[in-house]
Amino acid sequence: MYSDKDHVNILTALLVAHGIRHAVVCPGSRNAPIVHNLTTCPDIACYPVTDERSAGFYALGMSQALKQPVVVCVTSGTALLNLAPAVAEAWYQHRPLVVISADRPSQWIDQLDGQTLPQPDALGRFVKRAVSLPEPRNDEERWYCNRLVNEALIVCDAPVHINVPITEPLFGFSVAELPVERKIEWLPADISPTTLSHVTRMFLQAKRPMLIAGQPMNPNLDEAVSLVEDREDYVPDFVLYIGGSIVSKRVKRFLRKARETWVVNETGEVTDTFMNLTHVVQGDGEAVADHIRFMMVMEPHPFVQQWDALLASVHHQAEAYEPTYSQMAAVKYFERQVGDAVIHYANSSAIRLANIFAQRTVWCNRGVNGIEGSLSTAAGFSVVSSERVFCVIGDLSFFYDQNALWNQNLGGRFRILLLNNGKGGIFNMLPGLEQSPARDQYVSAAHHTTAAGVCQANDIVYLSASDMPQMREGIDTLLNMESERPVLLEVFTTATADEHALKDYYQTLKI
């Protein structure tokens with residue numbers, strides 16, 4: 001029988017799945033559930049060593065002889081610190097030690113509780129990956145625990161550290177079998193012909209494959225998913241994800257229904273966006289995507305054709321839809337007129353409107369940024385670009401980052417389309433938030449500010465629009481006027497009109 005601690009069982013199952021067969025175990029009560037599992041598991045041979053300092057070197061010697069990863073498991077407190085000399089030596093020898101430390105719950109750190117110290121980063125730069133496992137209480141936390149163990153074990157060509165906080169009671173052993181856990185595989189960095197052929201074959205052999213990118217984005221995907229999110233015949237069974245952040249929560253939620261995802265990225269990092277990752281391919285995602293697109297020309301896939309038809313239909317409906325005066329109308333007209341240009345979109349409403357109407361690659365800080373820095377990023381781009389650079393930005397993002405314009409390097413190549421509806425209008429779209437009296441003033445940061453004074457202070461050409469004819473004329477001027485200084489068009493709308501236009505658009509969509 002195995003421990004009744006879920007995270008200990010997940011860890012044990014994944015050690016076996018990743019082919020780890022040897023463990024050096026040290027005595028202790030906090031690590032007893034882990035040691036119990038390791039000794040109970042028929043696939044892992046255990047070797048007891050009392051002195052942790054010696055145990056670390058014991059595991060190092062085994063790893064040298066076996067040329068395989070070896071576990072060394074210790075209890076909480078300074079027991080972990082005693083492994084540091086062996087781990088440091090293993091780091092410089094590039095030997096794959098898997099350090100597993102039991103730990104006290106985090107709330108007891110620095111509270112004068114025995115054998116309790118900050119353990120998650122205790123081995124510093126001498127481990128390639130350090131993770132601290134949650135004690136799962138629901139499916140999402142189980143997924144997180146699984147992902148963390150996989151992240152550590154797939155980079156185990158050098159020491160890694162898996163810290164395991166365990167809450168009392170410690171000594172329950174009532175689970176008959178280890179869980180069947182998802183193993184994430186890692187494929188090498190060179191994208192060799194063999195690897196490329198393997199990835200392509202997996203894609204073509206799937207019944208319902210989908211190729212998806214973040215930035216650059218898949219236009220109209222959010223609207224397409226809104227039409228089919230309850231249709232099983234549109235759910236992919238194999239997703240090839242070539243990385244980049246995906247804006248739409250709806251798309252991410254939909255793709256979590258897929259059976260498995262393979263991600264291709266330059267770093268080889270685990271990015272389990274859809275919670276069903278099984279393979280990480282380190283390499284150039286665009287190269288893989290181009291090869292698959294070429295194969296699609298040679299051998300069309302019915303499921304891919306089904307989605308292509310859906311996306312084409314949604315694109316046609318987006319082109320046909322004529323919104324009333326709103327931010328949506330401004331972005332649509334801008335995208336119709338701008339042609340081939342460098343365009344930066346700010347976060348929040350702006351990039352979501354780009355998802356509907358942009359049909360080219362656009363720039364957006366979707367890594368981790370919120371409203372900060374979008375204007376400065378576009379401004380910096382314009383300083384070294386030989387082309388005109390456009391920034392489409394909402395009012396909160398603009399005023400937050402207005403110091404981007406306080407810069408002597410800016411010139412006439414920089415053009416700004418400012419969408420000002422007097423608040424963070426996206427908060428009008430969040431169901432339930434309308435019940436809070438804090439929404440407008442405190443959450444949405446409602447205001448009555450305009451950019452006219454900012455432009456005057458920074459020698460920016462200022463234009464404004466408050467209705468459809470003025471907006472279209474203003475965008476034409478923004479696109480075409482000659483100027484030695486940056487040009488800004490401020491389009492004034494209301495959050496209510498913007499909300500109505502977007503909701504009406506989604507209600508008109510149909511298959």
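Computation of the quantities below employed the complete heavy-atom set of this structure, encompassing side-chain atoms and omitting hydrogens, waters and symmetry-equivalent molecules.
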Crowded around N138 CG? As in, over 12 foreign heavy atoms under 6.0 Å? yes

Distance-only, no hydrogens or angles: does the K183 side chain make a donor-acceptor pair with backbone N or O of A17 under 3.5 Å? yes

Take atom CH2 of W108 as the centre, draw a 6.0 Å sphere, and report whether it contains more than 12 heavy atoms from other residues, nucleotides or ligands. no

Apply side-chain contact (heavy atoms from CB on, under 4.5 Å) to V270 and R147, showing your working. CA-CA 8 Å; V270 173; R147 195 197 83 201; 4.0 Å; yes

Stepwise, does the side-chain contact (heavy atoms from CB on, under 4.5 Å) test hold for C26 with T50? CA-CA 5 Å; C26 300; T50 300; over 6 Å; no

Before accepting this row, confirm whether a basic side-chain N of the pair R30/E168 lies closer than 4.0 Å to the acidic partner's carboxylate O. yes

List the atom of F126, the atom of V87, and the distance in Å for their closest heavy-atom pair. O-CG1, 3.4 Å

side-chain hydrogen bond (donor to acceptor under 3.5 Å, both in side chains) partners for T273, two or more places apart: none

Are K257 and D237 within salt-bridge range, i.e. N to O under 4.0 Å? no

Tabulate below the donor-acceptor pairs under 3.5 Å that side-chain atoms of residues 169-181 make, not counting sequence neighbours, or state none.
from	atom 1	to	atom 2	distance (Å)
E181	OE1	N146	ND2	2.8
E181	OE2	R142	NH2	2.9

Spatial distance of atom CZ (R137) from atom CD (E135) [nearest 0.5 Å]: 9.0 Å

Short side-chain donor-acceptor distance under 3.5 Å, D395 and H447: yes

What I want to check is whether the side chains of N37 and S3 have a donor and an acceptor closer together than 3.5 Å. no

Decide side-chain contact (heavy atoms from CB on, under 4.5 Å) for I166 and H7; before the verdict, give the C-alpha distance in whole Å, the side-chain angles of both, and the deciding distance to 0.1 Å. CA-CA 9 Å; I166 305 177; H7 59 331; 4.0 Å; yes

Ion pair check, D222 and R250, cut-off under 4.0 Å: yes

List the atom pairs, with distances to 0.1 Å, where a side-chain N or O of residues 100-107 and a protein N or O form a donor-acceptor pair under 3.5 Å, not counting sequence neighbours.
from	atom 1	to	atom 2	distance (Å)
S101	OG	H161	NE2	2.8
S101	OG	N163	OD1	2.7
D103	OD2	N163	ND2	2.8
R104	NE	S76	OG	3.2
R104	NH1	G114	O	3.2
R104	NH2	G114	O	3.4

Which one of F238, F203, F274 satisfies the ring-ring contact (aromatic ring centres under 6.0 Å, His included) criterion with W262? F238

Should we count OH of Y144 as having more than 12 external heavy atoms under 6.0 Å? no

Nearest atoms (heavy-atom pairs only) where D401 meets S376: OD2-N, 2.6 Å

Under a 4.0 Å threshold between the charged nitrogen and the carboxylate oxygen, would D233 count as salt-bridged to R231? yes

I would like to know whether R129 and L153 meet side-chain contact (heavy atoms from CB on, under 4.5 Å); could you show each step before the answer? CA-CA 9 Å; R129 189 80 171 91; L153 296 182; over 6 Å; no

Pair R259-N276, side-chain donor/acceptor within less than 3.5 Å: no

Would you name the heavy atoms of S63 and P96 that are closest together and state the gap between them? OG-CD, 3.2 Å

Taking every non-hydrogen atom, the tightest pair across A90 and P159: CB-CG, 3.6 Å

Give me the atom names and distance for the closest heavy-atom approach of A130 to D121. CB-OD1, 4.3 Å

If you count heavy atoms of other groups shown closer than 6.0 angstrom to OH of Y400, is the number above 12? no

State whether the number of non-hydrogen atoms from other residues, nucleotides or ligands found under 6.0 Å of Y2 atom OH is greater than 12. yes

Note: V280 and I184 closest approach over all heavy atoms is CG2-CG2, 3.8 Å

